[in-house]
Amino acid sequence: MTQKQLDESTAYLQSKGFEAPEIGIVLGTGLGKLANEIDDAIEAHYNHIPFFPLATVEFHSGKLIYGTLQNKKVVVMQGRFHLYEGYDFLDITYPIRVMHQLGIKKLFISNAAGAINLDYSKGELMLIDDHINLQGGSPLAFKGVSKYGDRFVDMAEPYDVDMKEKLQKIAKSEGIILRSGVYASVVGPQLETKAEYRMLKIIGADAVGMSTVPEVIVANHLQLPVVAVSVLTDECDPENLAPVNVQEIIEVAGKAEPKMVKLFRRLIEEI
Ligand code: HPA
């Protein structure tokens with residue numbers, strides 16, 4: 001990644017009409033529908049944007065969409081890049097830096113995750129209060145990082161407190177159960193063993209997934225306020241472990257999606 005590449009990606013999108021979005025939104029696995037509700041949408045496929053990584057996983061349609069939601073200009077990532085697809089930390093966080101250069105002031109992230117906390121049920125939403133990075137690396141471990149922001153980024157409060165509070169209030173007023181907890185990120189793509197689920201519980205994780213944390217680290221590097229919500233798509237009980245089926249994960253995420261859309265729409269209104 002170089003500044004020149006970021007400038008070219010940004011200039012391409014601006015030439016397509018991606019003018020001054022206020023909010024960036026990352027849509028996770030099974031959560032792409034919010035993109036269909038954008039007014040006056042302009043789309044850019046990832047493989048047309050200069051220096052963007054290429055989308056590979058077939059259930060991610062892989063495009064950036066610009067337009068209006070609740071009267072605010074947004075840019076939405078429909079599909080994200082994962083380490084398990086063979087990308088590196090710089091690839092998977094490149095779109096966050098581009099959205100920041102386009103001008104976003106806030107970032108909303110969604111994902112599908114397994115429930116480690118067995119008080120939480122599949123189909124419920126969980127606000128990510130904090131995280132544990134188990135991906136064995138950092139998107140800030142590269143030469144020249146300090147040209148883009150502090151190298152030693154503080155992570156005492158990685159998720160924006162004000163947006164977290166707003167989401168809790170919105171969920172309450174909409175009658176949506178919004179759990180809160182710690183998200184642990186792993187590389188994947190294999191699911192966890194029973195021993196790994198036991199470990200995740202012991203170290204304090206409430207949910208586990210294969211994304212989000214690198215994006216959140218980069219948002220903090222850019223001093224970009226970020227909030228993230230998981231859809232809990234499976235229950236990771238090591239003593240009664242049912243094999244996880246990716247199709248089912250996508251289905252459960254799809255069923256919970258309207259709740260996520262509602263929360264994000266109202267948060268856009270309120271910030
Ligand atoms: N583990 C890791 N990632 C996941 C899971 C899981 O159980 N469910 C959804 N994403």
Side-chain angles (χ1 to χ4, degrees), residues 26-34 55-62 77-87 89 92-93 108-137 139 159 177-217 227-261 263:
V26 182
L27 299 178
T29 300
L31 298 166
K33 284 210 204 82
L34 179 64
T56 59
V57 176
E58 61 288 343
F59 49 81
H60 288 160
S61 39
M77 285 180 71
Q78 194 176 36
R80 59 150 66 83
F81 301 98
H82 300 89
L83 292 173
Y84 66 71
E85 294 168 279
Y87 301 110
F89 280 101
I92 62 174
T93 52
F108 302 176
I109 296 180
S110 62
N111 63 44
I116 298 293
N117 183 334
L118 298 176
D119 294 335
Y120 298 174
S121 308
K122 102 175 150 181
E124 290 180 343
L125 303 182
M126 188 189 91
L127 180 63
I128 302 183
D129 186 50
D130 203 347
H131 71 225
I132 301 172
N133 178 9
L134 296 176
Q135 291 180 316
Y159 298 85
I177 296 174
L178 182 60
R179 307 294 196 172
S180 175
V182 173
Y183 174 93
S185 65
V186 294
V187 175
Q190 74 285 354
L191 279 297
E192 291 68 37
T193 64
K194 287 180 280 218
E196 286 164 341
Y197 284 137
R198 280 186 210 109
M199 174 199 73
L200 287 164
K201 194 184 177 91
I202 290 165
I203 65 174
D206 295 292
V208 59
M210 302 172 191
S211 67
T212 302
V213 167
E215 296 154 358
V216 169
I217 292 170
V227 76
V229 178
S230 295
V231 177
L232 303 173
T233 53
D234 52 297
E235 292 163 13
C236 308
D237 178 357
E239 312 318 322
N240 297 285
L241 193 57
V244 190
N245 163 330
V246 177
Q247 212 45 52
E248 200 195 331
I249 286 178
I250 295 169
E251 241 173 73
V252 176
K255 277 197 200 136
E257 186 170 20
K259 293 188 282 186
M260 181 81 80
V261 169
L263 289 188

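We count ligands from 1, going down the list as the structure has it; atoms in each ligand are counted the same way. Just the heavy atoms: all of them, side chains too, but no hydrogens, waters or symmetry mates, feed the values below.
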Return the protein residues near ligand 1 (heavy atom under 4.0 Å from any of its atoms), ordered by chain and residue number. A112, A113, G114, L191, E192, Y197, V208, G209, M210, T233, D234, C236, I249

Nearest atoms (heavy-atom pairs only) where [X] meets [Y]:
X: S230; Y: Y183; result: OG-CD1, 3.6 Å
X: I132; Y: G204; result: CD1-C, 4.4 Å
X: M126; Y: A207; result: CE-CB, 3.7 Å

By salt bridge (charged side-chain N to carboxylate O under 4.0 Å, His left out), which residues pair with E196, not counting sequence neighbours? none

Identify, with sequence neighbours excluded, every residue that meets salt bridge (charged side-chain N to carboxylate O under 4.0 Å, His left out) alongside D129.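 D129: salt bridge (charged side-chain N to carboxylate O under 4.0 Å, His left out) contacts with K164.
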
Suppose we screen for side-chain hydrogen bond (donor to acceptor under 3.5 Å, both in side chains). Which residues come up paired with K259, at least two apart in sequence or across chains?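 K259 satisfies side-chain hydrogen bond (donor to acceptor under 3.5 Å, both in side chains) with no other residue.
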
